[in-house]
Visitor: 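My questions all concern the structure below.
Order of the sequence lines sets the chain letters (A, B, ...), proteins ahead of strands, with each chain counted from 1.
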Protein chains: 2
Amino acid sequence: MALGKDYARQQCSIARALEVIGERWTLLVVRDAFYGVRRYNDFLVHLGIPRAVLAARLQALVEAGVLDRRRYRESPPRDEYVLTERGLALWPVLRSLATWGRTEVPGAVPLRHFHHADCGTELGPYGECPSCRLPVPLADVEMRPGAGLDPDPDDPVSRALLRPRRLLVPLEA
Amino acid sequence: MALGKDYARQQCSIARALEVIGERWTLLVVRDAFYGVRRYNDFLVHLGIPRAVLAARLQALVEAGVLDRRRYRESPPRDEYVLTERGLALWPVLRSLATWGRTEVPGAVPLRHFHHADCGTELGPYGECPSCRLPVPLADVEMRPGAGLDPDPDDPVSRALLRPRRLLVPLEA
DNA sequence: CCTTGAGGTTCATTCACCGAACCTACAGGT
DNA sequence: ACCTGTAGGTTCGGTGAATGAACCTCAAGG
């Protein structure tokens, strides 16, 4: 959201949350992390975000404890960014935002659907499985492309995300 | 969030939602609307937002169909801003953000609690009433102040919001 | 030795946010 | 008739963040 991020006067949990994830691009970075994006360059091409902004956002998210930065290769040193427990707890926020964007923004075509991988049922309004009647753990959520998605995107990350995949599974796997 | 709001390249319901409510201050305006704030001046003193920004946000939210502007007095003409159906549908977003801000942002003290007005039970993680086992309609949600709230704030709007109140009930009522 | 790719940093420009001041219209008091 | 206060804005100059392009480093591959 938005920025210059001091909502200091606000006595409000929502304002506290927005200080961490309210800046422009931040929630889209987190969304990509749920989709399995982990590397700087993959975020870069998929989001079309300026490099400097991406570096700033990743650093801020690591400092806030939402992402964990970890070395996956020495020489040359390469790091990946993975959601922490605190980051995973943002799933309800993203899910409810996606629901609102799909149902309440005029002219929106369904772009991605979320299903219970075990039984294939599309998730209900609270992220539960309506047929199993249980909340679905994140690792059992499968993302499936919807009708509105560009079938032949330019960048390889978008192409990888065209196939049904479980959340959190790294892209290169 | 933050903005300059064109996430045009993003094929994503979340990005669509953020184009509407992702700018800085926007979600706090919507939050206040849920608390019963309806008038320009009440938003102004409660949020501490620059006047020009408030005017721009209110206008954008009206154009997006989130708020409805309606005349409540002629001469001098005075308008109030009320949530539409589309705006009310943002409640899950705000609730999940508040939950995350309270439980995952370090050092946060509970500031406001949400209860089922009929039975007094605090709402569960999905906005349901754990004892009645039913989703609670918005009009039956009661906001109660928590321990971390300043007991003697400066502005009259914050003072009015110190008392337990149902959501959506206008401040002056 | 040259090229490529990953992961950044630096820089100038643009744009949004900020706070303060100003404007209009009406109501009430003297 | 005049002053004051309130509601709801608009306008303005200054600041700081976002943007896109260019540049840098290290290592691997040919």
Visitor: Distance check needed: C:dG8 P versus A:L54 CG, whole Å only.
Guide: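 Distance check: A:L54 CG to C:dG8 P gives 8 Å.
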Visitor: Give the angle between the helix axes at the two ends of the helix from C:dC1-D:dG30 to C:dT30-D:dA1, taking five base pairs at each end and rounding to 10°.
Guide: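 About 10°, once rounded to a multiple of 10°.
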Visitor: Between D:dA17 atom P and B:E23 atom CD, what is the distance in whole Å?
Guide: 17 Å
Visitor: Indicate yes or no: does B:R166 engage B:D140 in a salt bridge with an N to O separation below 4.0 Å.
Guide: yes
Visitor: Report the nucleotide, chosen from D:dG9, C:dT9, D:dT11, that has the shortest atom-to-atom distance to any side-chain atom of A:Y40.
Guide: C:dT9
Visitor: Just to be sure I understand the rule, does B:F43 reach a base, reach only the sugar-phosphate, or reach nothing, if contact means heavy atoms closer than 4.0 Å?
Guide: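 Nothing, no nucleic acid heavy atom in range.
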Visitor: Closest-nucleotide mapping onto DNA chain C: is A:A55 or A:P76 further toward the 5' terminus? I mean the 5' end.
Guide: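 Comparing both residues, the 5'-ward one is A:P76.
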Visitor: C:dA21, D:dT19, C:dG8: which one has an atom nearest the side-chain heavy atoms of B:R51?
Guide: C:dA21
Visitor: When you check the phosphate oxygens OP1 and OP2 of D:dG9, does a side-chain N or O of B:R69 lie under 4.0 Å from one of them?
Guide: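 Looking at the OP1 and OP2 atoms of D:dG9, one of them is under 4.0 Å from a side-chain N or O of B:R69.
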Visitor: Please pick, from D:dC26, D:dG8, C:dG8, the nucleotide with the shortest atom-to-atom distance to any side-chain atom of B:R78.
Guide: D:dG8
Visitor: Rounded to whole angstrom units, what separation is found between the CG atom of B:L58 and the C1' atom of D:dT10?
Guide: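 It works out to 14 Å between those atoms.
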Visitor: Salt-bridge test for B:R78 and B:E80: reply yes if a basic N is under 4.0 Å from a carboxylate O, no otherwise.
Guide: no
Visitor: So, the side chain of A:R95 versus the backbone of A:P125: is there a donor-acceptor pair under 3.5 Å, distance only?
Guide: yes
Visitor: What residue among A:R144, A:R102, A:E122 forms side-chain hydrogen bond (donor to acceptor under 3.5 Å, both in side chains) with A:H113?
Guide: A:E122
Visitor: Distance check: side-chain N/O of A:Y72 vs OP1/OP2 of C:dA6, anything under 4.0 Å?
Guide: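 Answer no for this pair, as no side-chain N or O of A:Y72 is under 4.0 Å from OP1 or OP2.
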Visitor: Can you tell which of C:dA21, D:dT19, C:dG7 lies closest to the side chain of A:P50?
Guide: D:dT19
Visitor: How many whole angstroms separate atom CG of A:L47 from atom C1' of D:dT19?
Guide: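 To the nearest whole Å, that distance equals 15 Å.
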Visitor: Ignoring hydrogens and geometry beyond distance, is a side-chain donor-acceptor pair present between A:H115 and A:E142 at under 3.5 Å?
Guide: no
Visitor: Counting only side-chain N and O atoms of A:R57, is one of them less than 4.0 Å from OP1 or OP2 of D:dA18?
Guide: yes
Visitor: Rounded to whole angstroms, how far apart are CG on A:D42 and P on C:dG5?
Guide: 14 Å
Visitor: Could you check how far CD1 of B:I49 sits from P of D:dG9, rounded to whole Å?
Guide: 13 Å
Visitor: Which of these nucleotides, C:dA6, C:dT9, C:dA27, is closest to any side-chain atom of A:N41?
Guide: C:dA6
Visitor: Kindly say if A:R24 contacts the phosphate of D:dT19, meaning a side-chain N or O under 4.0 Å from OP1 or OP2.
Guide: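 So the side-chain polar atoms of A:R24 do come within 4.0 Å of the phosphate oxygens OP1 or OP2 of D:dT19, strictly under.
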Visitor: Side chains of A:R39 and A:Y72: is there a donor and an acceptor less than 3.5 Å apart?
Guide: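 Yes, because at least one side-chain N or O of A:R39 sits under 3.5 Å from a partner of the opposite role on A:Y72.
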Visitor: Using the rule side-chain hydrogen bond (donor to acceptor under 3.5 Å, both in side chains), only one of A:D155, A:N41, A:D32 pairs with A:H46; which is it?
Guide: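 Considering A:D155, A:N41, A:D32, a side-chain hydrogen bond (donor to acceptor under 3.5 Å, both in side chains) with A:H46 is found only for A:D32.
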Visitor: Return the nearest nucleotide to the side chain of B:W25; candidates are C:dT10, C:dC26, C:dC18.
Guide: C:dC18
Visitor: Are the side chain of B:T121 and the backbone of B:C129 linked by a donor-acceptor contact shorter than 3.5 Å?
Guide: no
Visitor: For the pair made of CG in A:L44 and P in C:dG8, what is the distance, rounded to whole Å?
Guide: 11 Å
Visitor: Indicate, with a heavy-atom threshold strictly under 4.0 Å, whether A:R73 touches base, sugar-phosphate, or nothing.
Guide: nothing
